[in-house]
There are 2 protein chains.
Amino acid sequence: MELRHLTYFVAVAEELHFGRAAERLLVAQPSLSRQIRQLEDEVGVVLLERTSRRVELTAAGRSFLDHAVATLAQLEEGRIAARRTASGLAGQVRLGFVASVAVAVLPDLVAAHRRLRPEVTLDLREMTTEAQVPALVEGRIDVGLARDLEPVPGLCLQPVLREGLLVALPAGHALRARRRLRFAELRDQPFVTLPRDQVPRAWDRLWTLGRRAGFSPRTAQVALQYTTMLALVAADIGVAVVPESVRSLRSSGVRYVPIDDPDAESVILAVSREDECNPAVPGLLHLLDRDQLLDDTDITAT
Amino acid sequence: MELRHLTYFVAVAEELHFGRAAERLLVAQPSLSRQIRQLEDEVGVVLLERTSRRVELTAAGRSFLDHAVATLAQLEEGRIAARRTASGLAGQVRLGFVASVAVAVLPDLVAAHRRLRPEVTLDLREMTTEAQVPALVEGRIDVGLARDLEPVPGLCLQPVLREGLLVALPAGHALRARRRLRFAELRDQPFVTLPRDQVPRAWDRLWTLGRRAGFSPRTAQVALQYTTMLALVAADIGVAVVPESVRSLRSSGVRYVPIDDPDAESVILAVSREDECNPAVPGLLHLLDRDQLLDDTDITAT
DNA sequence: CAAATCGATAGCCTGGAGGCATCGATCCAG
DNA sequence: CTGGATCGATGCCTCCAGGCTATCGATTTG
């Protein structure tokens with residue numbers, strides 16, 4: 001059996017006339033008759049009751065017709081789906097992201113992407129920058145949203161957002177009213193930090209700031225998530241250094257003051273494979289050009 | 001595009017190896033390569049990324065693969081459905097039936113049929129014997145369950161049940177305790193009847209009985225349905241002549257006494273076209289052989 | 001660097017799809 | 001009732017396309 005048999009059969013079933021069906025199919029009537037006969041032999045069932053005066057479907061023919069039409073439709077759908085997938089209009093992107101962008105870049109990105117390419121599903125998985133690199137290389141994710149990553153062979157980095165760093169202070173803190181401050185002024189403060197083994201990059205950032213200011217920041221408490229971190233700050237356990245985008249968490253009882261040091265900044269990057277062939281990826285990366293994404297967002301770039 | 005392209009593509013997608021796929025398909029590898037190329041040209045999309053070392057699906061290929069598999073499955077399903085329909089195991093039978101069999105033959109018939117051939121749907125339509133004849137001839141129904149029908153050219157009659165007639169009496173009626181009675185004894189009774197214009201056959205039956213007994217039955221009230229009829233009898237409006245199967249309605253306040261006259265009987269018949277080609281019809285008619293149907297029924301034949 | 005693996009390409013061959021002519025059955029007009 | 005028209009089936013021929021063999025070229029491996 002071939003698709004030809006199906007299209008021929010559907011035509012005859014619709015016309016109930018071999019001559020007209022043949023005309024519509026641009027073949028001669030004898031060819032059509034023979035193909036229908038072959039189809040019946042193949043299925044093992046008489047599909048059409050025909051005399052020289054009248055052609056009509058048998059019960060089996062009606063049943064088969066339904067399936068034939070569905071089959072042809074399914075195939076056409078496959079053709080279209082393949083084209084849409086190849087053009088990046090449909091498909092799937094597995095996106096790894098660091099926790100801190102979940103409150104900043106990610107919601108707008110997902111919303112914009114869903115609006116622009118609703119048939120592309122985003123498979124979101126939170127993972128640290130360190131975990132994203134091997135995941136990309138091994139093909140477990142297609143795009144990563146990372147922080148402060150140095151170039152890696154085979155991977156392509158695209159800066160998305162250059163953020164200043166803020167100090168999160170308890171609402172009653174002595175420094176709360178300052179419009180800005182230098183990190184050295186935090187010499188005696190206890191810090192709420194993220195765990196060094198899981199987020200070494202964030203920890204390094206803090207440690208580097210301290211080294212430049214001439215002291216070693218003292219950790220009062222380790223928190224696993226930014227929300228916890230801010231709750232601890234609000235509870236006066238200590239102060240915390242966070243990227244600017246965390247401000248959008250709007251935790252009550254916490255004041256933010258920008259750090260004035262030149263290297264007090266963090267860069268969010270989109271990371272992808274140089275030889276990526278998933279056609280849905282470019283569309284996502286394009287959205288991450290700052291101008292694309294930040295149109296209707298409340299995060300202000302540095 | 002032809003089905004060949006789909007099966008070939010599915011094979012390659014599963015093996016991810018042209019050589020092995022070709023072997024499985026019993027064709028030479030170059031043919032397979034060419035067919036896959038044709039398929040890609042046809043769809044307009046690269047489905048497989050291939051080097052001499054490795055073959056893998058593109059995103060579009062994965063998408064198309066899903067549809068290809070579904071298409072082939074759909075087709076196979078159609079083949080099977082056509083065969084089942086042709087063999088009478090699936091399909092549809094439009095069944096006309098007189099109201100009086102709705103309480104007798106029909107429930108058991110439908111239940112047995114559903115049990116034996118669950119894929120054949122019964123399309124039930126209540127209609128009088130008079131309406132069934134043209135409906136059969138014009139092909140609006142496939143089978144009719146009728147009463148007391150004389151042979152009709154082109155139609156095939158099959159007796160299903162030969163029933164005696166009963167008199168339905170109010171519970172307090174003078175004749176209620178009789179084990180049987182002759183119709184002549186009902187000479188002075190008022191009758192509850194079905195409407196003459198809609199059910200002439202039932203009316204004729206009553207009138208014939210009266211003529212043989214030497215009187216004209218007097219209609220006290222006309223009822224449209226057997227349930228109404230029995231309610232009227234229970235309310236002492238009159239007596240009624242009903243086929244034996246109506247007894248299964250078990251209306252309270254009504255007693256039944258058999259009529260002893262030789263022609264006090266009614267025959268339920270299955271009617272079908274002599275040239276019927278709906279393959280699901282024989283299965284239904286076979287169930288209507290008395291031995292088939294009445295195994296687990298409480299209706300007793302005369 | 002030689003050998004092996006594997007998909008692509010080239011060229012030939014044949015089966016089968018399509019075309020034309022015609023048959024045979026059926027219906028209808030005169 | 002008969003000749004013509006209609007329409008699907010059949011027979012035969014042609015030619016394209018799918019399949020085969022041989023070979024190439026790229027890549028990996030020992």
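Chain letters run A, B, ... following the sequence lines, proteins first, then strands; residues in each count from 1.
The pair A:Glu42-B:Arg79 meets the salt-bridge criterion, with a side-chain N (NZ, NE, NH1 or NH2) lying under 4.0 Å from an Asp/Glu carboxylate O. A salt bridge between A:Glu56 and A:Arg50 is absent, with no side-chain N of the basic residue lying under 4.0 Å from a carboxylate O of the acidic one. The pair A:Arg94-A:Asp142 meets the salt-bridge criterion, since a charged nitrogen lies less than 4.0 angstrom from a carboxylate oxygen. A salt bridge does not link A:Arg4 to A:Glu2: none of the charged nitrogens lies less than 4.0 Å from a carboxylate oxygen.
In this structure, B:Arg114 places its CZ atom where only 12 or fewer heavy-atom neighbours from other residues, nucleotides or ligands lie under 6.0 Å away.
Contact of the A:Leu157 side chain with the A:Val152 side chain is not registered, since no non-hydrogen atoms from C-beta on lie closer than 4.5 Å.
Taken residue by residue, residues 1-9 of chain B places no heavy atom nearer than 4.0 Å to DNA chain C.
Of all nucleotides in DNA chain C, those with any atom nearer than 4.0 Å to a heavy atom of chain A start and finish, going 5' to 3', at C:dA17 to C:dC27.
Within the 4.0 angstrom heavy-atom criterion, no nucleotide atom of any strand lies near A:Leu48. Residue-level contact check: B:Glu49 touches neither bases nor backbone, having no heavy atom under 4.0 Å from any strand.
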Listing time: all N or O pairs from protein to nucleotides 8-14 of chain D that are below 3.5 Å?
unit_1: D:dG8; atom_1: OP1; unit_2: A:Phe18; atom_2: N; d: 3.1
unit_1: D:dG8; atom_1: OP2; unit_2: A:Phe18; atom_2: N; d: 3.4
unit_1: D:dG8; atom_1: OP2; unit_2: A:Gly19; atom_2: N; d: 3.0
unit_1: D:dA9; atom_1: OP1; unit_2: A:Arg50; atom_2: NE; d: 2.5
unit_1: D:dA9; atom_1: OP2; unit_2: A:Ser33; atom_2: OG; d: 2.9
unit_1: D:dA9; atom_1: N7; unit_2: A:Gln29; atom_2: NE2; d: 3.0
unit_1: D:dA9; atom_1: N6; unit_2: A:Gln29; atom_2: OE1; d: 3.3

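A straight line from CG of B:Leu25 to P of D:dC20 spans 11 Å, rounded to a whole angstrom.
Of the possible donor and acceptor atoms, one in the side chain of B:Gln158 sits under 3.5 Å from a partner among the backbone N and O of B:Leu285. Although no hydrogens or angles enter the test, the distance criterion places a donor-acceptor pair under 3.5 Å between the side chain of B:Thr129 and the main chain of B:Arg147.
With rounding to the nearest 0.5 angstrom, the CG atom of A:Leu269 is 10.0 Å from the CG atom of A:Leu161. A:Leu48 contributes atom CG, which lies 7.5 Å from atom CG of A:Leu16 (distance to the nearest 0.5 angstrom).
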